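First up is the structure itself, then whatever we jot down about it.
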Number of protein chains: 2
Amino acid sequence: MRNRQWVLAAHARGEVGPDCWTLVDSDIPTPGEGQILLRTQWLSVDPFMRGRLNQGAGLALGDVMIGGGVGQVVESRHPGWKAGDLVESPEIGWQEFAVITPDLPGASRANRINPADDEPQAALSWLGMPGLTAYFATMEIARPQPGDTVVVSAAGGAVGQLAGQIAKLAGARVVGIAGSEEKLEWCRRLGFDATIDYKKSPDLAEDVARLCPEGVNAFLDGTGGPIQDAVIKNLAPGARVAVVGRVAVANDVLDADVGPRLSAALIRTRALVQGFVVYDWWHRRDEALRRMKAWRTAGRLEFREDVVQGFESVPTAFVRMMRGENRGKQLIAL
Amino acid sequence: MRNRQWVLAAHARGEVGPDCWTLVDSDIPTPGEGQILLRTQWLSVDPFMRGRLNQGAGLALGDVMIGGGVGQVVESRHPGWKAGDLVESPEIGWQEFAVITPDLPGASRANRINPADDEPQAALSWLGMPGLTAYFATMEIARPQPGDTVVVSAAGGAVGQLAGQIAKLAGARVVGIAGSEEKLEWCRRLGFDATIDYKKSPDLAEDVARLCPEGVNAFLDGTGGPIQDAVIKNLAPGARVAVVGRVAVANDVLDADVGPRLSAALIRTRALVQGFVVYDWWHRRDEALRRMKAWRTAGRLEFREDVVQGFESVPTAFVRMMRGENRGKQLIAL
């Protein structure tokens with residue numbers, strides 16, 4: 001048997017097409033001492049990966065594309081792991097077999113999956129990176145309180161759907177922004193109080209103002225760009241903005257990401273804007289997962305996945321997700 | 001005797017000239033029950049006042065120009081005040097006599113001046129609004145720590161010179177940015193470790209990078225605009241940015257204040273950017289003044305004023321300050 005890998009064929013400029021990658025054949029790698037060999041079962045595609053496709057962002061032509069996934073241990077030379085174990089790792093990359101070094105320094109080389117929790121791919125969604133992002137960005141930066149109005153952008157995405165539900169649990173009113181009626185319908189089924197289709201809004205800032213008449217107390221910002229501008233215009237005094245992603249402008253060269261400066265709005269409202277990366281909070285992963293599982297068991301945390309079949313489909317699934325065409329967390333089942 | 005007042009003659013667009021105001025004569029007002037009549041001794045001109053000159057910012061043509069000052073009580077109909085008392089008030093406005101209602105709700109209608117502390121006009125500088133701004137923005141938002149590099153913009157101004165010294169007291173390395181060699185020379189005399197003349201810098205972001213090789217841990221942002229852009233580009237992980245003013249862009253219409261969006265820099269560094277207005281901290285004024293006085297007594301807090309003589313000179317002093325031509329806190333002695 002051979003390994004198959006999607007390797008970088010071209011650095012990206014602007015919108016990404018599936019021709020950024022080429023499918024290549026290679027030997028199945030051999031684990032060294034302290035390593036494990038996985039067979040990939042699930043891959044995750046996430047907006048942050050777009051940045052890594054730029055020239056100078058660390059990936060060379062011919063490198064295996066980075067990305068997280070779920071695999072089953074085929075061979076272990078690490079005392080903590082044995083064949084058959086299920087593992088989630090952000091280090092798998094777009095390949096059918098991967099060697100992981102669990103003890104390398106870093107937040108999360110290899111995370112054990114407990115099959116009792118949920119299906120294995122949940123470790124890539126609500127029990128994994130997107131879930132922990134939603135949990136900590138909401139609880140630690142946005143800090144919703146009863147009576148608050150919380151805006152969530154990319155509301156139909158992996159992080160947004162969870163962040164909105166967590167804000168609801170905290171007693172806040174939640175307004176979701178997304179790019180299709182289908183996504184917004186899902187948000188409303190999750191309990192979001194109001195929704196805005198930014199693609200159909202003639203004046204997004206006005207729509208936010210209308211739906212948030214007392215201002216936006218907290219904002220989970222997954223998109224950046226003009227959606228961010230429209231929400232920032234409507235911040236309430238003391239607002240908290242968690243900058244979690246910038247998928248709306250991820251295709252642009254960095255110099256092109258230009259918009260209204262924030263000073264006037266921030267001075268007027270004394271609002272706080274903070275960048276967020278989930279790995280800073282990894283030491284509190286157990287606490288977060290315990291709470292998320294309890295909410296899910298109680299039926300208070302819904303989640304939907306958009307599953308594409310087959311290793312061949314990984315690039316097209318990525319492109320689809322970047323275009324916002326996914327319906328829930330974008331996953332690939334191998 | 002008559003009162004003289006500078007009243008708004010025209011709303012401002014772009015750079016402000018002295019023709020925004022007209023000098024008018026009026027009766028000396030009579031204090032009602034619970035009010036005091038002051039004779040103005042000192043007036044302060046501050047960058048925040050520029051925003052109030054815009055159409056729709058609350059001042060109508062013919063209104064007395066707003067502004068803080070120091071006066072002496074001429075007549076009191078308030079049990080807490082008597083003739084001869086010295087009072088600092090942000091409510092005096094540009095006039096020779098003013099009636100103040102000390103007990104109106106609000107942070108600071110009338111603040112008693114203790115002549116033992118310093119000369120009376122210190123209540124408009126290091127013992128007043130600029131001093132408290134420097135103290136709380138530095139201590140509560142920028143939060144300098146030993147080993148940090150702190151950048152202060154508008155470093156020669158009323159707030160900047162104090163903020164830099166407070167950051168030095170906290171053990172940080174301080175880099176000041178201002179618009180003339182004369183101001184920077186003063187900053188260096190105050191102990192700033194390095195200085196940048198933004199008017200002479202061919203590439204400000206590069207100059208900040210060169211002088212802050214490990215990045216900027218905290219930033220007291222008094223200017224906004226392109227100086228803010230250059231510093232944000234160089235934030236260190238976990239940086240704190242206190243947005244205190246936007247004098248660099250205050251003359252522009254709001255829509256024209258456009259620059260690089262912050263998301264990429266904030267996600268990369270997890271930095272926090274927060275708007276600041278000193279009146280939010282007024283309940284802790286005594287604590288701050290106690291510490292500032294102790295530092296000043298110990299010779300660890302220097303301050304310089306730029307005093308212009310005569311009520312006639314108020315508009316030109318304001319214009320001068322907005323152009324950055326003042327050397328230290330701009331005051332007018334009546």
Side-chain angles (χ1 to χ4, degrees), chain A residues 47-48 50-51 54 57 133 136-137 140-141 153 205 219 221-229 232-233 235 237-250 252-281, chain B residues 47-48 50-51 54 57 133 136-137 140-141 153 205 219 221-229 232-233 235 237-250 252-281:
Chain A
F48 81 88
R50 171 61 186 82
N54 292 328
T133 298
F136 287 112
E140 298 296 335
I141 299 185
S153 64
F219 174 30
D221 176 9
T223 65
I227 298 175
Q228 178 188 70
D229 302 340
I232 296 267
K233 249 188 164 171
L235 294 182
R240 291 81 58 198
V241 178
V243 179
V244 169
R246 50 191 293 281
V247 65
V249 288
D252 299 344
V253 291
L254 204 52
D255 287 351
D257 187 13
V258 164
R261 290 200 189 89
L262 305 184
S263 294
L266 297 189
I267 292 173
R268 194 180 68 246
T269 58
R270 292 70 145 162
L272 169 160
V273 180
Q274 189 164 5
F276 179 90
V277 173
V278 68
Y279 295 108
D280 296 343
W281 299 89
Chain B
F48 81 86
R50 171 61 186 82
N54 292 327
T133 298
F136 288 112
E140 298 296 335
I141 299 184
S153 64
F219 174 29
D221 176 9
T223 65
I227 298 175
Q228 178 188 72
D229 302 341
I232 296 265
K233 249 188 164 171
L235 294 182
R240 292 83 56 199
V241 178
V243 178
V244 170
R246 51 193 289 282
V247 66
V249 288
D252 300 344
V253 292
L254 204 53
D255 287 353
D257 187 14
V258 164
R261 290 200 189 88
L262 305 185
S263 293
L266 297 190
I267 292 174
R268 194 180 68 244
T269 58
R270 290 71 146 160
L272 169 160
V273 181
Q274 188 163 7
F276 179 90
V277 173
V278 67
Y279 296 107
D280 296 344
W281 300 90

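Here is how names work: the chains are called A, B, and so on, in the same order as the sequence lines, proteins then strands, and each is numbered from 1. Source: prediction; values computed, not measured.
Ranked by heavy-atom pairs under 4.5 Å with chain B, the list A:Gly51, A:Gly259, A:Ala271 is led by A:Gly259. Heavy-atom pairs under 4.5 Å with chain A were tallied for B:Leu262, B:Ile267, B:Asp255; the largest tally goes to B:Ile267. Counting heavy-atom pairs under 4.5 Å between each of B:Arg270, B:Gln228, B:Arg268, B:Arg261 and chain A puts B:Arg261 at the top. For the set A:Thr269, A:Ile141, A:Asp229, the entry with the most heavy-atom pairs within less than 4.5 Å of chain B is A:Asp229. Heavy-atom pairs under 4.5 Å with chain A were tallied for B:Ala265, B:Pro260, B:Gly224; the largest tally goes to B:Pro260.
The side-chain heavy atoms of A:Leu266 and B:Val273, taken from C-beta on, include a pair separated by under 4.5 Å. Considering only heavy atoms from C-beta on, B:Ser263 stays 4.5 Å or farther from A:Val249 through its side chain.
Annotation: residues 237-244 of chain A contacts chain B through A:Val243, A:Val244 [non-hydrogen atoms, separation under 4.5 Å].
Residue B:Ala264 touches chain A through both its backbone and its side chain, counting heavy-atom pairs closer than 4.5 Å. Within the 4.5 angstrom heavy-atom criterion, only side-chain atoms of B:Asp221, from C-beta onward, approach chain A.
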